[in-house]
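Here's the structure, in structure tokens; my notes come after.
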2 protein chains.
Amino acid sequence: MSDGQPAERPLTRIQQKNRQTILEAALEVFSQHGFRGATLDQIAEVAGLSKPNLLYYFPSKEAMHVELLSTLMDTWLAPLRALDPEGDPVEEVMDYVRRKLELSRGFPRESRLFANEILQGAPRMVAALEGELKDLVDEKAAILRGWADAGRIADVPPHHLIFSIWALTQHYADFDVQVRAVLGPDHDPYAEAQGFLDTLFRKLLAP
Amino acid sequence: MSDGQPAERPLTRIQQKNRQTILEAALEVFSQHGFRGATLDQIAEVAGLSKPNLLYYFPSKEAMHVELLSTLMDTWLAPLRALDPEGDPVEEVMDYVRRKLELSRGFPRESRLFANEILQGAPRMVAALEGELKDLVDEKAAILRGWADAGRIADVPPHHLIFSIWALTQHYADFDVQVRAVLGPDHDPYAEAQGFLDTLFRKLLAP
DNA sequence: TCGTTTTCTGACCATATGGTCAGGATTACG
DNA sequence: CGTAATCCTGACCATATGGTCAGAAAACGA
């Protein structure tokens with residue numbers, strides 16, 4: 001993601017800090033209200049900076065959103081990238097599930113930001129989805145396919161296996177309110193989810 | 001959902017038709033842009049009516065949204081309501097999965113409207129979630145628990161089993177863009193999902 | 001047909017919102 | 001220090017948006 005243009009002068013300490021503060025506030029607000037639902041005033045409020053000051057650091061509201069999404073993409077795909085063709089098939093998948101669930105637990109706002117964007121048809125992301133994402137998934141799906149053909153995991157359609165991992169792990173972050181409303185207090189959704197998903201995927205993958 | 005107030009005079013033919021047109025347009029727009037992202041002008045445009053005319057039939061933008069959500073709730077819960085304690089355990093659950101997936105396929109906009117609302121913390125729905133929804137889920141979870149205790153299905157936490165059904169079926173509607181982007185053309189996501197989810201849940205539930 | 005009720009609209013309003021700008025305050029640094 | 005660069009702000013602007021209203025146009029009923 002290095003952009004061209006001449007002489008990118010390095011960020012000053014203040015720039016570094018304020019850009020960070022702003023992105024953090026933007027994440028908070030965007031993930032809660034969506035892009036259109038978020039206002040610069042809200043973000044400024046959360047960041048503790050004035051609105052014109054936000055626009056001193058970012059050319060527009062959209063620029064903040066884009067920056068968040070592109071940074072996010074990497075974090076989000078890292079666990080899948082880590083799927084090792086040399087490792088033990090079932091354990092590799094289980095590791096992926098576990099890491100993905102940890103992301104949901106640790107970064108629910110990021111998960112919701114992403115979900116929001118996809119829900120709205122991903123206007124600012126279709127390209128990335130059809131490019132970077134599809135390539136990575138295809139690559140890993142081929143590995144899964146290989147394992148299935150070798151009888152090392154059950155013969156399930158690899159793309160949908162991956163979708164199921166996304167769906168099940170992200171559900172706990174994206175639908176948090178619903179999950180908690182239904183479970184009531186005195187529950188740790190993520191702890192319970194970990195055990196459940198472990199069972200689910202081991203049963204599914206058992207050859 | 002009968003509200004009190006005196007003398008509710010029956011809707012005229014025109015009212016019937018126009019309210020329907022408006023709700024249909026509102027669904028289209030809300031499900032695509034979320035509540036705040038949707039504008040009355042857009043809805044009016046889609047409905048083919050003037051903005052003031054929308055407000056002749058509904059007191060406010062919010063009223064349209066509320067009406068959609070409360071109507072939706074019933075449709076959405078119907079399949080779970082149909083889970084029959086007297087039926088064959090595995091087949092009952094599989095029927096639920098199938099019906100839920102059909103809802104996603106047939107009513108993706110409704111699914112996204114709902115998802116949008118939950119994502120934003122369900123400001124207009126927490127009550128329903130903690131009441132109606134929780135009660136229904138608790139009731140059905142008890143049935144599942146009974147089946148598990150009787151060894152008729154595997155011993156999995158019933159609430160999370162239900163969550164997994166929601167997550168997996170709704171994923172195909174809510175994340176449609178992503179699913180299609182990753183699969184590429186020449187795929188019928190729902191057809192493939194049906195087979196995959198069938199396998200997944202049969203394996204999970206096998207005692 | 002004619003009066004009454006229902007339906008619909010153009011014009012309008014108040015507020016919210018993304019964004020600009022001229023200039024003041026701070027900081028970096030020779 | 002002094003000054004140049006960086007940082008920050010109050011005031012302001014144009015547009016978008018939810019909503020109102022007086023009255024015109026249809027539809028209805030006798």
Side-chain angles (χ1 to χ4, degrees), chain A residues 5-69 116-117 120 123-124, chain B residues 5-69 116-117 120 123-124:
Chain A
Q5 303 323 298
E8 294 260 308
R9 52 189 58 216
L11 300 180
T12 69
R13 211 169 0 121
I14 295 183
Q15 280 167 348
Q16 196 94 48
K17 194 193 67 180
N18 282 348
R19 282 181 59 96
Q20 209 45 49
T21 306
I22 292 170
L23 286 176
E24 156 67 27
L27 171 61
E28 180 71 25
V29 178
F30 282 141
S31 68
Q32 196 166 126
H33 303 285
F35 179 71
R36 292 222 33 196
T39 75
L40 285 179
D41 287 291
Q42 281 176 94
I43 298 175
E45 165 95 35
V46 173
L49 297 172
S50 70
K51 184 167 66 167
N53 206 8
L54 297 193
L55 293 163
Y56 173 72
Y57 288 103
F58 291 88
S60 70
K61 179 183 168 184
E62 173 136 12
M64 298 174 204
H65 198 240
V66 168
E67 172 114 6
L68 280 173
L69 284 176
N116 246 312
E117 186 64 13
Q120 331 256 308
R124 295 161 254 275
Chain B
Q5 303 322 299
E8 295 256 308
R9 50 188 58 214
L11 300 180
T12 69
R13 213 168 0 120
I14 296 183
Q15 280 167 349
Q16 197 93 49
K17 193 194 67 179
N18 282 347
R19 283 181 58 95
Q20 210 43 52
T21 307
I22 292 170
L23 287 176
E24 156 67 26
L27 171 61
E28 180 70 26
V29 178
F30 282 142
S31 69
Q32 196 166 127
H33 304 285
F35 179 71
R36 292 221 36 194
T39 76
L40 286 179
D41 287 292
Q42 279 175 94
I43 299 175
E45 164 94 34
V46 173
L49 297 171
S50 71
K51 183 167 66 167
N53 206 7
L54 298 192
L55 293 163
Y56 172 73
Y57 288 102
F58 291 89
S60 69
K61 179 183 169 185
E62 173 136 13
M64 298 174 203
H65 197 240
V66 168
E67 172 114 5
L68 280 173
L69 284 177
N116 246 314
E117 186 63 13
Q120 331 256 307
R124 294 161 254 274

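In the text below, chain A, chain B and the rest are named by the order of the sequence lines, each starting its count at 1.
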Quick check on D:dC8: is either OP1 or OP2 less than 4.0 Å from any side-chain nitrogen or oxygen of A:Ser50? no
Between A:Asn116 and B:Gln120, does the side chain to side chain contact (heavy atoms under 4.5 Å, CB included) criterion hold? Intermediate values first, please. CA-CA 9 Å; A:Asn116 246 312; B:Gln120 331 256 307; 3.4 Å; yes
How close or far is atom P of D:dT20 from atom CG of B:Leu54, stated in whole angstroms? 13 Å
Using a 4.0 Å heavy-atom cut-off across all strands, classify A:Leu40 as base, sugar-phosphate, or nothing. sugar-phosphate
Before giving the answer on side chain to side chain contact (heavy atoms under 4.5 Å, CB included), spell out for A:Asn53 and A:Ile22 the whole-Å C-alpha distance, their side-chain angles and the decisive distance to 0.1 Å. CA-CA 10 Å; A:Asn53 206 8; A:Ile22 292 170; over 6 Å; no
All N/O pairs under 3.5 Å across the protein-nucleotides 22-30 of chain C interface:
| unit_1 | atom_1 | unit_2 | atom_2 | d |
| --- | --- | --- | --- | --- |
| C:dA28 | OP1 | A:Arg13 | NH2 | 2.8 |

Any side-chain heavy-atom pair from B:Met64 and B:Leu40 closer than 4.5 angstrom? yes
Quickly work out the B:Gln42 CD to D:dG18 C1' distance and round it to whole Å. 13 Å
Spacing between A:Ile43 atom CD1 and C:dT17 atom P, to the nearest angstrom: 12 Å
When you measure from the centre of the six-membered ring of A:Phe35, is the NZ or CZ of B:Arg36 closer than 6.0 Å and no more than 45° off the axis? no
Measure the distance from CG on B:Asn53 to P on C:dA11 and round it to the nearest whole Å. 17 Å
Tell me if a side-chain donor or acceptor on A:Glu24 pairs with a main-chain N or O of A:Ala47 at a distance below 3.5 Å. no
Using side-chain heavy atoms (C-beta onward) and a distance below 4.5 Å, is B:Arg124 in contact with B:Glu117? yes
Considering only heavy side-chain atoms of A:Thr12, the closest of D:dT9, D:dC7, C:dT6 is D:dC7
Separation of D:dA26 C1' from B:Tyr56 OH (nearest whole Å): 11 Å
I need the NZ-P distance between B:Lys51 and C:dG10, as an integer number of Å. 12 Å
Round to the nearest Å and state the distance from B:Gln15 atom CD to C:dC8 atom C1'. 13 Å
In whole Å, I'd like the distance from the CG atom of B:Asp41 to the P atom of D:dT15. 16 Å
Looking at B:Val29, is its backbone amide N or carbonyl O close enough to the side chain of B:Gln42 to form a donor-acceptor pair, meaning the two atoms are under 3.5 Å apart? no
Using a 4.0 Å heavy-atom cut-off, does A:Ala63 contact any base of the nucleic acid, only the sugar-phosphate backbone, or nothing at all? nothing
Give, ordered by number, those residues of residues 21-37 of chain A having at least one heavy-atom distance below 4.0 Å to an atom of DNA chain C; if nothing qualifies, reply none. none
Check the pair B:Phe58 / B:His65 against side chain to side chain contact (heavy atoms under 4.5 Å, CB included), numbers first and verdict last. CA-CA 10 Å; B:Phe58 291 89; B:His65 197 240; over 6 Å; no
Just by modelled atom types, is the B:Thr12 backbone N or O under 3.5 Å from a matching donor or acceptor in the B:Gln15 side chain? yes
Per nearest nucleotide of DNA chain D, the residue lying toward the 5' end, A:Asn18 or B:Pro52, is A:Asn18
Scan B:Phe58 against the nucleic acid and name what it touches under 4.0 Å (heavy atoms): base, sugar-phosphate only, or nothing. nothing
